[in-house]
Undergrad: 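Below are the C-alpha coordinates for one structure; questions will follow.
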Amino acid sequence: MSKNLLIDLGNTACKVAFAKEREIVETIRGENGAEPMPFLQNLLGNNVFEIIVFSSVQRRDPNLMALLQSRCNKLIVVDGDTQTALKIEYQTSDRLGADILAYSLGAVVRFPGEDVMVICFGTAITVSSIDKNGLLTGVNISPGLMIRLQALHQYTDGLPLIFLEEEEEIPGMGIDTRGAITAGVVKGIVHEIEGYIAKNQDKKIIFTGGDALFFAKQLKTPIFVDCNLIFIGLAEIAQSYAE
(Lines give C-alpha, C1' and ligand atoms only; values in the text may rest on other atoms or scores of the structure.)
Protein backbone atom coordinates (compact mmCIF):
# COMPACT_ATOMS: atom_id res chain seq x y z
CA MET A 1 0.00 0.00 0.00
CA SER A 2 1.17 3.53 -0.76
CA LYS A 3 2.27 5.26 2.39
CA ASN A 4 0.65 8.64 1.67
CA LEU A 5 -2.92 9.61 0.81
CA LEU A 6 -3.73 12.91 -0.92
CA ILE A 7 -7.28 14.30 -0.77
CA ASP A 8 -8.72 17.08 -2.92
CA LEU A 9 -12.20 18.05 -1.72
CA GLY A 10 -13.75 20.49 -4.17
CA ASN A 11 -17.16 22.09 -4.39
CA THR A 12 -18.67 19.27 -6.43
CA ALA A 13 -16.47 16.20 -5.97
CA CYS A 14 -13.93 14.50 -3.73
CA LYS A 15 -10.81 13.14 -5.45
CA VAL A 16 -8.01 11.15 -3.85
CA ALA A 17 -4.59 9.93 -4.90
CA PHE A 18 -2.30 7.30 -3.44
CA ALA A 19 1.35 8.36 -3.48
CA LYS A 20 4.76 6.88 -2.83
CA GLU A 21 6.93 9.87 -2.00
CA ARG A 22 6.45 12.17 -5.04
CA GLU A 23 5.02 9.47 -7.32
CA ILE A 24 1.27 9.47 -7.93
CA VAL A 25 0.33 5.77 -8.00
CA GLU A 26 -3.45 5.87 -8.45
CA THR A 27 -6.27 8.41 -8.46
CA ILE A 28 -9.93 7.84 -7.56
CA ARG A 29 -12.91 10.17 -7.90
CA GLY A 30 -15.74 9.90 -5.43
CA GLU A 31 -19.17 9.08 -6.79
CA ASN A 32 -21.04 10.89 -4.00
CA GLY A 33 -20.64 14.41 -5.31
CA ALA A 34 -19.40 16.76 -2.63
CA GLU A 35 -20.32 14.40 0.26
CA PRO A 36 -16.91 13.07 1.25
CA MET A 37 -17.62 11.13 4.47
CA PRO A 38 -19.17 7.91 3.07
CA PHE A 39 -16.68 7.81 0.20
CA LEU A 40 -13.64 8.30 2.44
CA GLN A 41 -14.89 5.92 5.14
CA ASN A 42 -15.20 3.17 2.54
CA LEU A 43 -11.86 4.04 0.92
CA LEU A 44 -9.87 4.25 4.15
CA GLY A 45 -11.26 1.16 5.84
CA ASN A 46 -8.89 0.25 8.65
CA ASN A 47 -5.77 1.32 6.77
CA VAL A 48 -3.34 3.71 8.45
CA PHE A 49 -1.23 5.93 6.20
CA GLU A 50 2.06 7.58 7.03
CA ILE A 51 0.79 11.00 5.89
CA ILE A 52 -2.59 12.27 4.74
CA VAL A 53 -2.62 15.65 3.00
CA PHE A 54 -6.06 17.24 2.90
CA SER A 55 -6.95 20.12 0.58
CA SER A 56 -10.50 21.46 0.77
CA VAL A 57 -12.45 24.47 -0.45
CA GLN A 58 -15.31 23.56 1.90
CA ARG A 59 -15.73 24.32 5.60
CA ARG A 60 -14.02 21.76 7.76
CA ASP A 61 -16.23 19.01 9.14
CA PRO A 62 -14.98 18.02 12.64
CA ASN A 63 -16.15 14.43 12.13
CA LEU A 64 -14.24 14.18 8.87
CA MET A 65 -11.13 15.67 10.48
CA ALA A 66 -11.36 13.12 13.29
CA LEU A 67 -11.68 10.28 10.77
CA LEU A 68 -8.61 11.41 8.83
CA GLN A 69 -6.60 11.95 12.01
CA SER A 70 -7.36 8.38 13.09
CA ARG A 71 -6.12 6.95 9.80
CA CYS A 72 -2.63 8.43 9.61
CA ASN A 73 0.50 9.17 11.59
CA LYS A 74 0.49 12.77 10.37
CA LEU A 75 -2.39 14.85 8.99
CA ILE A 76 -1.56 17.97 6.98
CA VAL A 77 -4.47 20.33 6.29
CA VAL A 78 -3.44 22.70 3.51
CA ASP A 79 -4.08 26.39 4.18
CA GLY A 80 -2.30 29.74 3.99
CA ASP A 81 0.11 28.70 6.76
CA THR A 82 1.29 25.53 5.01
CA GLN A 83 5.02 25.73 4.37
CA THR A 84 5.88 25.11 0.70
CA ALA A 85 8.46 26.09 -1.89
CA LEU A 86 5.83 28.34 -3.48
CA LYS A 87 6.23 32.05 -2.81
CA ILE A 88 2.98 33.99 -2.62
CA GLU A 89 2.43 37.60 -3.68
CA TYR A 90 -1.19 37.61 -2.59
CA GLN A 91 -2.32 40.15 0.00
CA THR A 92 -4.78 37.79 1.67
CA SER A 93 -2.63 34.66 1.59
CA ASP A 94 -4.64 33.21 4.48
CA ARG A 95 -7.69 33.28 2.19
CA LEU A 96 -5.95 31.76 -0.82
CA GLY A 97 -7.77 28.58 -1.81
CA ALA A 98 -5.99 25.38 -0.81
CA ASP A 99 -6.59 24.06 -4.33
CA ILE A 100 -4.92 27.09 -5.92
CA LEU A 101 -1.96 26.79 -3.57
CA ALA A 102 -1.61 23.07 -4.33
CA TYR A 103 -1.84 23.22 -8.13
CA SER A 104 0.42 26.30 -8.25
CA LEU A 105 3.01 24.37 -6.27
CA GLY A 106 2.46 21.46 -8.65
CA ALA A 107 3.26 23.76 -11.57
CA VAL A 108 6.51 24.87 -9.88
CA VAL A 109 7.50 21.23 -9.35
CA ARG A 110 6.45 20.17 -12.85
CA PHE A 111 8.03 23.12 -14.68
CA PRO A 112 10.87 24.50 -12.55
CA GLY A 113 12.45 27.75 -13.75
CA GLU A 114 9.61 28.55 -16.17
CA ASP A 115 7.00 31.30 -16.26
CA VAL A 116 3.68 29.47 -16.05
CA MET A 117 -0.02 30.27 -16.25
CA VAL A 118 -2.33 27.59 -14.82
CA ILE A 119 -5.97 27.64 -15.90
CA CYS A 120 -8.07 25.37 -13.69
CA PHE A 121 -11.52 24.40 -14.97
CA GLY A 122 -13.64 23.44 -11.98
CA THR A 123 -16.75 24.80 -10.33
CA ALA A 124 -14.94 28.12 -10.77
CA ILE A 125 -12.37 28.90 -13.45
CA THR A 126 -9.17 30.11 -11.80
CA VAL A 127 -6.26 31.60 -13.70
CA SER A 128 -2.98 31.69 -11.76
CA SER A 129 0.30 33.23 -12.83
CA ILE A 130 3.54 31.80 -11.41
CA ASP A 131 6.92 33.22 -12.42
CA LYS A 132 10.18 31.35 -13.03
CA ASN A 133 11.27 32.00 -9.43
CA GLY A 134 8.26 30.11 -8.04
CA LEU A 135 6.33 33.27 -7.12
CA LEU A 136 2.55 33.22 -7.41
CA THR A 137 2.01 36.75 -8.73
CA GLY A 138 -1.76 36.82 -9.11
CA VAL A 139 -5.04 34.92 -9.46
CA ASN A 140 -8.25 35.61 -11.39
CA ILE A 141 -11.50 33.81 -10.55
CA SER A 142 -14.64 33.58 -12.69
CA PRO A 143 -17.71 31.30 -12.82
CA GLY A 144 -17.10 27.83 -14.22
CA LEU A 145 -19.06 25.99 -16.88
CA MET A 146 -21.82 24.56 -14.66
CA ILE A 147 -22.29 27.80 -12.72
CA ARG A 148 -22.89 29.67 -15.98
CA LEU A 149 -25.38 27.08 -17.20
CA GLN A 150 -27.18 27.11 -13.83
CA ALA A 151 -27.26 30.93 -13.73
CA LEU A 152 -29.02 31.14 -17.11
CA HIS A 153 -31.69 28.76 -15.85
CA GLN A 154 -32.02 30.25 -12.36
CA TYR A 155 -32.19 33.92 -13.35
CA THR A 156 -34.51 33.58 -16.34
CA ASP A 157 -38.09 32.35 -16.64
CA GLY A 158 -37.78 30.44 -19.88
CA LEU A 159 -34.30 28.95 -20.26
CA PRO A 160 -33.83 25.28 -19.34
CA LEU A 161 -30.98 23.84 -17.29
CA ILE A 162 -28.54 22.24 -19.70
CA PHE A 163 -26.21 19.36 -18.85
CA LEU A 164 -23.49 18.86 -21.43
CA GLU A 165 -22.68 15.38 -22.72
CA GLU A 166 -19.00 14.43 -22.54
CA GLU A 167 -18.50 14.22 -26.32
CA GLU A 168 -21.18 16.74 -27.28
CA GLU A 169 -20.47 18.75 -30.43
CA ILE A 170 -20.69 22.47 -29.69
CA PRO A 171 -22.10 24.51 -32.60
CA GLY A 172 -20.59 27.79 -33.71
CA MET A 173 -24.03 29.40 -33.44
CA GLY A 174 -27.16 27.84 -31.99
CA ILE A 175 -30.19 27.02 -34.14
CA ASP A 176 -32.30 25.90 -31.16
CA THR A 177 -32.41 26.77 -27.46
CA ARG A 178 -30.02 24.03 -26.39
CA GLY A 179 -27.53 24.95 -29.10
CA ALA A 180 -27.82 28.65 -28.29
CA ILE A 181 -27.05 28.05 -24.61
CA THR A 182 -24.24 25.55 -25.13
CA ALA A 183 -22.61 27.64 -27.85
CA GLY A 184 -23.01 30.85 -25.87
CA VAL A 185 -21.56 29.49 -22.64
CA VAL A 186 -18.83 27.24 -24.05
CA LYS A 187 -17.68 29.63 -26.78
CA GLY A 188 -17.78 32.46 -24.27
CA ILE A 189 -15.39 30.58 -21.99
CA VAL A 190 -13.19 29.64 -24.97
CA HIS A 191 -12.90 33.28 -26.07
CA GLU A 192 -12.12 34.25 -22.47
CA ILE A 193 -9.31 31.69 -22.28
CA GLU A 194 -8.00 32.57 -25.73
CA GLY A 195 -7.66 36.14 -24.50
CA TYR A 196 -5.45 35.00 -21.61
CA ILE A 197 -3.35 32.87 -23.93
CA ALA A 198 -2.90 35.68 -26.46
CA LYS A 199 -1.70 38.08 -23.77
CA ASN A 200 0.62 35.57 -22.08
CA GLN A 201 2.52 34.02 -24.97
CA ASP A 202 5.73 34.27 -22.95
CA LYS A 203 4.30 31.81 -20.38
CA LYS A 204 3.73 28.06 -20.49
CA ILE A 205 -0.03 27.53 -20.39
CA ILE A 206 -1.31 24.54 -18.42
CA PHE A 207 -4.92 23.37 -18.21
CA THR A 208 -6.03 21.39 -15.16
CA GLY A 209 -9.27 20.59 -13.33
CA GLY A 210 -12.32 18.49 -14.13
CA ASP A 211 -13.26 20.25 -17.39
CA ALA A 212 -9.68 20.73 -18.64
CA LEU A 213 -9.77 18.04 -21.33
CA PHE A 214 -13.14 19.24 -22.59
CA PHE A 215 -11.91 22.80 -23.09
CA ALA A 216 -8.56 21.73 -24.49
CA LYS A 217 -10.52 20.06 -27.30
CA GLN A 218 -12.42 23.29 -27.96
CA LEU A 219 -9.27 25.30 -28.65
CA LYS A 220 -7.43 25.29 -31.96
CA THR A 221 -4.06 25.75 -30.26
CA PRO A 222 -2.49 22.62 -28.66
CA ILE A 223 -2.50 23.00 -24.87
CA PHE A 224 -0.61 21.11 -22.18
CA VAL A 225 -3.13 19.36 -19.91
CA ASP A 226 -2.24 17.87 -16.52
CA CYS A 227 -5.30 16.80 -14.53
CA ASN A 228 -3.08 15.61 -11.66
CA LEU A 229 -1.38 18.96 -11.09
CA ILE A 230 -3.04 19.47 -7.70
CA PHE A 231 -1.91 16.00 -6.59
CA ILE A 232 1.65 16.75 -7.69
CA GLY A 233 1.54 19.76 -5.36
CA LEU A 234 0.01 17.76 -2.50
CA ALA A 235 2.61 15.01 -2.94
CA GLU A 236 5.34 17.64 -2.73
CA ILE A 237 3.82 18.97 0.52
CA ALA A 238 3.70 15.44 1.97
CA GLN A 239 7.29 14.80 1.03
CA SER A 240 8.52 18.11 2.44
CA TYR A 241 6.91 17.32 5.81
CA ALA A 242 8.26 13.74 5.70
CA GLU A 243 11.79 15.03 5.20
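Here the structure is a predicted model, which means the values were calculated and not measured. Along the sequence shown, residues are numbered consecutively beginning with 1.
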Undergrad: Give the minimum heavy-atom separation between N4 and A238, together with the two atoms involved.
TA: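 So the two residues come closest at ND2-CB, 4.0 Å.
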Undergrad: Can you list every ring pair (Phe, Tyr, Trp, His ring centres under 6.0 Å) pair that touches residues 96-116, not counting sequence neighbours?
TA: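 Counting only pairs at least two positions apart or across chains, the ring pair (Phe, Tyr, Trp, His ring centres under 6.0 Å) contacts touching residues 96-116 are F111-F224.
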Undergrad: Does some side-chain heavy atom of L136 sit less than 4.5 Å from a side-chain heavy atom of S129?
TA: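 No - every pair of side-chain heavy atoms lies 4.5 Å or more apart.
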Undergrad: State whether the side chain of N47 and the backbone N or O of L44 hold a donor-acceptor pair below 3.5 Å, judged by distance alone.
TA: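 Between the backbone of L44 and the side chain of N47 there is a qualifying donor-acceptor contact (under 3.5 Å).
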Undergrad: Is any side-chain heavy atom of F18 closer than 4.5 Å to a side-chain heavy atom of T27?
TA: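 Not in contact.
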Undergrad: Of I237, L101, I230, which is the lone residue that meets side chain to side chain contact (heavy atoms under 4.5 Å, CB included) with S55?
TA: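 When I237, L101, I230 are each tested with S55, the side chain to side chain contact (heavy atoms under 4.5 Å, CB included) holds only for I230.
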Undergrad: Which pair of heavy atoms, one from L159 and one from H153, lies closest together, and at what distance?
TA: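 Nearest pair, atom of L159 first, then H153: O-ND1, 2.9 Å.
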Undergrad: Spell out, as yes or no, whether a donor-acceptor pair under 3.5 Å connects the side chain of Q58 to the backbone of G10.
TA: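 Indeed, once roles are kept as given, a pair shorter than 3.5 Å links the two residues.
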Undergrad: Is there side-chain contact between E26 and I28, with heavy atoms separated by less than 4.5 Å?
TA: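 Counting from C-beta outward, E26 and I28 do come under 4.5 Å.
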Undergrad: Could you list the residues that satisfy side-chain hydrogen bond (donor to acceptor under 3.5 Å, both in side chains) with N73, not counting sequence neighbours?
TA: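 By the side-chain hydrogen bond (donor to acceptor under 3.5 Å, both in side chains) rule, N73 matches E50.
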Undergrad: Does anything in residues 169-196 pair up under ring pair (Phe, Tyr, Trp, His ring centres under 6.0 Å), and if so which pairs, sequence neighbours excluded?
TA: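 Counting only pairs at least two positions apart or across chains, no ring pair (Phe, Tyr, Trp, His ring centres under 6.0 Å) contact touches residues 169-196.
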Undergrad: Heavy atoms, side chains only, cut-off 4.5 Å: are I189 and R148 in contact?
TA: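 Yes. Closest side-chain heavy atoms under 4.5 Å.
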Undergrad: Side chains of I119 and I193, heavy atoms from C-beta outward: is any pair under 4.5 Å?
TA: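 They are in contact (side-chain heavy atoms under 4.5 Å apart), so the answer is yes.
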Undergrad: Closest approach of L149 and I162, non-hydrogen atoms and distance?
TA: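 Closest approach of L149 to I162, heavy atoms only: CD1-O, 3.4 Å.
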Undergrad: Could you grab the distance from atom CD1 of I51 to atom CD of E21, nearest 0.5 Å is fine?
TA: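 Separation between the atoms: 10.5 Å.
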Undergrad: Using side-chain heavy atoms (C-beta onward) and a distance below 4.5 Å, is F215 in contact with I223?
TA: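 F215 vs I223: side chains apart.
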Undergrad: Of all heavy-atom pairs between A107 and V118, which one has the smallest distance, and what is that distance?
TA: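 Minimum heavy-atom separation between A107 and V118: CB-CG2, 3.7 Å.
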Undergrad: Does the side chain of V127 come within less than 4.5 Å of V139's, by heavy atoms?
TA: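 When only atoms from C-beta onward are counted, V127 and V139 do not touch, as no gap falls below 4.5 Å.
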Undergrad: Counting C-beta onward and ignoring hydrogens, is there a side-chain heavy-atom pair between S128 and M117 closer than 4.5 Å?
TA: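 A side-chain contact under 4.5 Å is absent here.
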Undergrad: For the pair D8 and K15, find out whether any cationic side-chain nitrogen is under 4.0 Å from an anionic carboxylate oxygen.
TA: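 Yes.
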Undergrad: Which residues pass the side-chain contact (heavy atoms from CB on, under 4.5 Å) test with A216, not counting sequence neighbours?
TA: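 Scan of A216 (side-chain contact (heavy atoms from CB on, under 4.5 Å), adjacent residues dropped) gives F207, V225.
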Undergrad: Keeping to residues at least two apart or across chains, list the side-chain hydrogen bond (donor to acceptor under 3.5 Å, both in side chains) pairs with something in residues 169-184.
TA: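 Pairs touching residues 169-184 that pass the test: E168-R178.
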Undergrad: Should I141 and I125 be regarded as members of a common hydrophobic cluster, given that ILVMFWY residues are connected when their side-chain heavy atoms come within less than 4.5 Å of each other, either directly or indirectly?
TA: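 No, I141 and I125 fall in different hydrophobic clusters.
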Undergrad: Return the minimal non-hydrogen interatomic distance between C14 and L9, and the atom names on each side.
TA: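 Minimum heavy-atom separation between C14 and L9: CB-CD1, 3.9 Å.
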Undergrad: Just verifying a value: how many Å separate Q154 CD and L161 CG, rounded to the nearest 0.5 Å?
TA: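 One finds 10.0 Å between CD of Q154 and CG of L161.
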Undergrad: Keeping to residues at least two apart or across chains, list the salt bridge (Lys or Arg N to Asp or Glu O under 4.0 Å) pairs with something in residues 207-231.
TA: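 Residue pairs with at least one partner in residues 207-231: R110-D226, E167-K217.
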Undergrad: Work out which heavy atom in G134 is nearest to a heavy atom in L86; give both atom names and the distance.
TA: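 Answer, listing the atom of G134 first, then L86: O-CD1, 3.5 Å.
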